Amino acid sequence: MTMSALLNQTHIVQAYPHALWQHLDDLACEALYDELSLEHKPGLVCPSSNGSHTDMTHQTFIDSIASLKGYFATLSQFGYSDADFETIKAQGIYQETKMRTATCGINTHKGAIFNLGFICAAIGRCLQAGLPLTARHICAQLVTCWQVDLTTRLTRDPDSHGQKMQQKYGVTGAIEMVANGFEVIEHQVLPCFYDTMQRTQDFEKASMQALMLLISVLSDTNIIWRGGMVQLERVQQLATTFLQAGGVHQAYWRAQVQDIEHYFIEHNLSPGGSADLLAVTIFLYKVEHEFNYSL
Ligand SMILES: CC(C)(COP(=O)(O)OP(=O)(O)OC[C@H]1O[C@@H](n2cnc3c(N)ncnc32)[C@H](O[C@H]2O[C@H](COP(=O)(O)OP(=O)(O)OP(=O)(O)O)[C@@H](O)[C@H]2O)[C@@H]1O)[C@@H](O)C(=O)NCCC(=O)NCCS
Ligand SMILES: Nc1ncnc2[nH]cnc12
């Protein structure tokens, strides 16, 4: 980021704070919408398919995203004003209740409320500290400000699917992902997204390549919940094979993605954690892009 862009960023937060929080809120909701709009996501809800889900549709997700509007602005402001961990947590819990009201009780974006919420709080911290809004700085702020709180002060629900899978198989899940500052996104998935964008200029391809990379490396507790470790390893292998063969850079990549999609549906699997982290990747891309080049 150039010095003039950094000055602009500081100037904007001081001169137009509400416009900035609103802009971040819009970008986060857009990222969720981009994730939802991507077709042929294996096992996930897409515009033309409910994937492996019987209780939610594309409209359920649209309603869910609508219920999230404003939350990301609030979390960014909380980060900027150095709100304490309990305040951030209470807002996340409140937002989960709003989401469930909007979706008639269905869990659409529980993971995203947590992941993207903390990313926004970290963006607020960066703005307060005068740091450029890059993935590196945002992820570093997360670790510095909240790693200890996340690992020691967040009450774990022994009945959640994620915690049950951690107890049973010793895998890490959503809490560790945030507490470790989204290491896998900063160092692998976001660079993969940029690389694919640069090579193809195609947002759909970049999103699919990033999603497949996420599926290949993540201990996605949604997959484990429905299919155990055996299915987690199988789908990680399917995604790895796809990427090693060239991923979306192959001529017939769509046919291969559809084969993977069929496998997920046949085995009733859904990579909900990977979907959330695709939205996080897209959001970081949008933030880096907007704040480094547009201001
Ligand atoms: C802090 C919590 C997120 C605690 O999480 P916990 O460890 O208790 O696990 P879960 O409650 O099971 O939820 C975690 C959600 O995170 C996503 N996820 C899964 N694996 C990973 C991973 N490795 N890394 C990051 N994120 C991951 C995933 O969310 C998505 O899937 C949900 C849809 O799933 P669906 O297939 O419908 O599954 P279910 O309805 O659960 O079951 P079936 O249909 O299969 O029967 C959807 O939410 C996606 O977003 C996991 O679900 C949090 O629970 C918590 O404590 N919240 C309270 C608020 C709070 O403290 N907030 C902090 C401040 S913001
Ligand atoms: N598109 C999607 N389908 C199912 N679960 C999800 N969790 C987050 N996004 C999802």
Side-chain angles (χ1 to χ4, degrees), residues 30-53 111-112 115-116 134-136 139 171 177 182-224 226-227 229-289:
E30 260 180 41
L32 290 172
Y33 187 71
D34 289 337
E35 177 269 297
L36 175 63
S37 304
L38 181 67
E39 288 286 14
H40 302 300
K41 296 184 300 291
L44 294 160
V45 174
C46 303
S48 63
S49 160
N50 295 337
S52 305
H53 295 273
N115 292 324
L116 276 176
T134 60
R136 184 166 70 85
C139 294
V171 295
M177 178 58 62
F182 295 97
E183 263 179 337
V184 69
I185 294 187
E186 184 192 344
H187 298 296
Q188 292 186 57
V189 188
L190 189 59
C192 162
F193 189 94
Y194 269 104
D195 176 66
T196 315
M197 276 302 281
Q198 200 176 9
R199 287 173 67 182
T200 65
Q201 305 298 315
D202 185 327
F203 192 84
E204 181 199 7
K205 285 184 180 172
S207 301
M208 187 56 78
Q209 191 85 339
L211 179 63
M212 287 298 174
L213 180 54
L214 279 162
I215 293 173
S216 75
V217 295
L218 197 70
S219 54
D220 190 317
T221 56
N222 292 88
I223 296 178
I224 306 171
R226 290 189 180 204
M229 292 305 281
V230 170
Q231 289 298 350
L232 178 74
E233 281 159 22
R234 288 217 178 120
V235 298
Q236 284 183 333
Q237 193 52 54
L238 285 178
T240 303
T241 304
F242 171 75
L243 293 169
Q244 283 174 348
V248 296
H249 303 294
Q250 304 168 89
Y252 300 105
W253 67 274
R254 280 180 204 280
Q256 292 181 43
V257 165
Q258 283 172 26
D259 287 345
I260 298 176
E261 192 185 6
H262 291 146
Y263 184 89
F264 270 79
I265 293 174
E266 198 183 329
H267 294 86
N268 191 35
L269 303 171
S270 175
S274 307
D276 287 341
L277 297 183
L278 173 62
V280 168
T281 305
I282 293 173
F283 179 57
L284 286 172
Y285 172 79
K286 285 176 188 272
V287 168
E288 284 198 335
H289 207 73

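Values below: every heavy atom of this structure, side chains too, minus hydrogens, waters and symmetry copies. Since this is a predicted model, take the numbers as computed values, not measurements.
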Practice problem: Look up atom CG in Asp259 and atom OH in Tyr263, then write down how far apart they are to the nearest 0.5 Å. | Solution: 13.0 Å

Exercise. State, to 0.1 Å, how close Ala210 and Leu278 come at their nearest heavy-atom pair, and which atoms those are.
Key: CB-CD1, 4.0 Å

Practice problem: Measure the CG-CG distance between Asp276 and Leu32 for me, rounded to the nearest 0.5 Å. | Solution: 8.0 Å

Quiz item: Taking the side chain from Arg199 and the backbone from His249, do they hold a donor-acceptor pair closer than 3.5 Å?
Solution: no

Quiz item: If every non-hydrogen atom of Gln236 is compared with every non-hydrogen atom of Ser219, which pair is closest and at what distance?
Solution: NE2-N, 4.4 Å

Quiz item: Below 4.5 Å, heavy atoms only, C-beta onward: do Cys46 and His40 meet side chain to side chain?
Solution: no

Quiz item: Are Val189 and Leu277 close enough, and set up right, to give a side-chain contact (heavy atoms from CB on, under 4.5 Å), and what steps lead you there?
Solution: CA-CA 9 Å; Val189 188; Leu277 297 183; over 6 Å; no

Exercise. Search all heavy atoms of Val171 against all heavy atoms of Met229 and return the closest pair with its distance.
Key: CG1-CE, 3.9 Å

Quiz item: Nearest 0.5 Å, what's the NE2-CD distance between His187 and Glu183?
Solution: 5.5 Å

Quiz item: Which atom pair, heavy atoms only, marks the closest approach of Gln250 to Trp253?
Solution: O-CD1, 3.2 Å

Quiz item: How many angstroms lie between CG in Leu243 and SG in Cys192, if you round to the nearest 0.5 Å?
Solution: 7.0 Å

Exercise. Could you tell me whether the side chains of Tyr252 and Gln258 share a donor-acceptor contact shorter than 3.5 Å?
Key: no

Self-check item: Test item: Met212 and Val257 side chains (from C-beta on) under 4.5 Å apart, heavy atoms
Solution: yes

Quiz item: Between Thr281 and Phe182, is a side-chain contact (heavy atoms from CB on, under 4.5 Å) present by the stated rule, with each step listed?
Solution: CA-CA 10 Å; Thr281 305; Phe182 295 97; over 6 Å; no

Quiz item: Going through the checks in order, is the side-chain contact (heavy atoms from CB on, under 4.5 Å) test met by Asp34 and Phe203?
Solution: CA-CA 9 Å; Asp34 289 337; Phe203 192 84; 3.6 Å; yes

Quiz item: Between the main-chain N or O of Phe193 and the side-chain N or O of Gln209, is there a donor-acceptor pair closer than 3.5 Å?
Solution: no

Quiz item: For the atom pair CD1 (Ile260) and CG (Leu238), what is the distance rounded to the nearest 0.5 Å?
Solution: 5.5 Å

Quiz item: Are Val184 and Met177 side-chain neighbours, meaning at least one heavy-atom pair lies under 4.5 Å?
Solution: yes

Quiz item: Would you say the side chain of Ile215 lies within less than 4.5 Å of the side chain of Pro42, judging by non-hydrogen atoms?
Solution: yes

Quiz item: At their closest point, which heavy atom of Ser207 faces which heavy atom of Leu38, and how far apart are they?
Solution: CB-CD2, 3.9 Å

Quiz prompt | Polar side-chain atom of His289 near backbone of Tyr285 as donor-acceptor pair, under 3.5 Å | solution = no

Quiz prompt | Check ion pair Glu204-Arg254 (N to O, under 4.0 angstrom) | solution = yes

Quiz item: Within the side chain of Lys41, is there an N or O that forms a donor-acceptor pair under 3.5 Å with the backbone of Leu36?
Solution: yes

Quiz item: Considering only heavy atoms from C-beta outward, does the side chain of Phe242 approach that of Ser216 to under 4.5 Å?
Solution: no

Self-check item: Smallest separation among heavy atoms of Glu186 and Pro191, with atom names
Solution: O-CD, 3.3 Å

Self-check item: Test item: Asp220 side-chain N/O and Ser274 main-chain N/O as donor-acceptor pair under 3.5 Å
Solution: yes

Practice problem: Measure the spacing between CG of Leu213 and CG of Leu218 and express it to the nearest 0.5 Å. | Solution: 10.0 Å

Quiz item: Between Glu233 and Val230, is there a donor-acceptor pair closer than 3.5 Å when you use the side chain of the first and the backbone of the second?
Solution: no

